[in-house]
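Contents: one structure, followed by commentary.
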Amino acid sequence: EIIKYLQKSKNEIIKTIQEETPKKYIFDYGGPNIGKSMHVGHLRPLNIGRALYNMYKISGNECISDIHLGDWGIPISQILTFCYENNHKIEDLIVEDLQNIYPEASKYSSENQEFKNKVNENLSKLNNGDKKLLSDWKIASELTIQNIKKILHELDHRFDLFYGESTVVGLIPEMVEDLKKNNFVRSDDGALVSNENTDPPILILKSDGTYLYMTTDLATVLDREKQFSPDGYFYIVDNRQSEHFKQLFSSIKYFQFSNSSFEHIGFGTINDTEGKPFKTRQGDVYPLESLREDIYKILNKKNSDTNAEILTNSVLVYSDLVFDRHSNYKFDINKFTNTEGKTAIYIQYTKVRIESVLRNINQDQYAENFDDEQLNTSEENLIMTILKFSEIFNRSKNLKEPHHLAEYLYELCQKFNSFYKDVKILDNKNMHIQNRRVNVLIITINILEIIFEVLGMK
């Protein structure tokens, strides 16, 4: 059985991790809010979400990813109201303006009741389809979305759907009427509250009629049920939103919106080397684009432009995924760009080393005649690690914890490098031993390529 496994093609290895009864899943990434720049905190949902999406897809399931932008509600109204109050022409704004305006507008809204009232008034008008506000929202929204798409392209992240909260705003009035008609909700001081017996009661609409995340999230489920009818939903959003998702999932079942499974894939925060929130030297939130540039500068000193690009994205992916998603971790740029240790660079160089050997002997197909005895200890250790792939993959997928697969990738590279140092692979005195060792190299590279594809590394 071991001999047979050591001659499996990449497709045959993939068959060992495929499910007997595939399903359809929605992956909701809880994307960035319009007006905010993509910062380092967005790295985790991007990486964890993509890795899980790829795991489920490669094992035969139908997968749909949606970035789910925060493009509606209070933040948008704050930005537009601030622009009106300060005579900023919406059509003249650039993306940097929006990123500066939003924190100012948010702060001013918490300090000035008159401004806050205007924000709520404009939001109500926006919900009711005011033409001027809708036109300005579209301009501001498109400006931010184009910037988000640019950054995602650089990071090699793609989505099947690029929807936002605004996608379902038109569905909310009918949804609310149906909830009232079926006695699922009640009025409470002007607000709309669920009749489900929870403490505290679950708020569906605010007293001024404005929508909450709960409102748009419920409408989004109705929209997805109608469009896709998925078997399961995964929400890749940080741990701080766990209470919201408990209420959301409970409400979905209470309102009888869906019989699908719903799961919140939470995660910890990214901190600096001292364990504090990861910020720039100026104390601002660390933009994701800046982090990428900082890593690229380090790697570009020793690599070509093309390799530096690939290695930079590999560092951003592997350094994040190798940590248990439940925990916080420290992002150490110098450590993560090292050629030694548990780093993306070490793994990439290992893959290059294997490819180099196979290229030198001009072989990418398994040899038929090989010796299955006289195994060196390091060769035996490598083979035993190879045989664990399917088990580790399934553990990682079933627990929704990519770090098991990322850890395994490092272990596989470690075992290969020990094997590479300990034995003479090209042993021309005994071609049967050489054939066996070349076969081990080929299956190692096949597994590496599968894991690279799943984790999102080139």
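Numbering of residues begins at 1 and proceeds along the displayed sequence. These numbers come from the heavy atoms of this one structure, side chains and all, not from hydrogens, waters or symmetry mates.
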Quick one: which residue pairs count as a ring-ring contact (aromatic ring centres under 6.0 Å, His included) with a foot in residues 91-126, not counting sequence neighbours? Tyr108-Phe115
Salt bridge (charged side-chain N to carboxylate O under 4.0 Å, His left out) contacts touching residues 79-92 (sequence neighbours left out): Glu85-Lys118
Run the side-chain donor-acceptor check on residues 405-414: report pairs under 3.5 Å with partners two or more places apart or on a different chain.
residue: Glu407; atom: OE1; partner: Lys342; partner atom: NZ; Å: 3.1
residue: Glu407; atom: OE2; partner: Lys342; partner atom: NZ; Å: 3.0
residue: Tyr408; atom: OH; partner: Thr385; partner atom: O; Å: 2.8
residue: Tyr410; atom: OH; partner: Gln414; partner atom: NE2; Å: 3.2
residue: Glu411; atom: OE1; partner: Lys388; partner atom: NZ; Å: 3.4
residue: Glu411; atom: OE2; partner: Lys388; partner atom: NZ; Å: 2.9

List the residues meeting side chain to side chain contact (heavy atoms under 4.5 Å, CB included) with Glu293, not counting sequence neighbours, and say none if there are none. Glu289
Results of side chain to side chain contact (heavy atoms under 4.5 Å, CB included) for Thr306 - residues two or more places apart only: Ser304, Ile310
With Ser77, which residues qualify under side chain to side chain contact (heavy atoms under 4.5 Å, CB included), at least two apart? Thr81, Val119, Asn122, Leu123
Contact list for residues 297-330, test ring-ring contact (aromatic ring centres under 6.0 Å, His included), sequence neighbours left out: Phe323-Tyr329
Does Lys107 have any salt bridge (Lys or Arg N to Asp or Glu O under 4.0 Å) partners at least two apart in sequence or in another chain, and if so, which? Glu111
The side chain to side chain contact (heavy atoms under 4.5 Å, CB included) partners of Val169 (sequence neighbours excluded) come to Trp72, Tyr211
Which residue pairs pass the salt bridge (charged side-chain N to carboxylate O under 4.0 Å, His left out) test with at least one member in residues 216-226, sequence neighbours excluded? Asp28-Arg224, Asp66-Arg224
side-chain hydrogen bond (donor to acceptor under 3.5 Å, both in side chains) partners of Arg292, counting only residues at least two apart: Glu309, Asn313
I need the full list of salt bridge (charged side-chain N to carboxylate O under 4.0 Å, His left out) pairs touching residues 45-61, with sequence neighbours left out, sorted by first then second residue. none
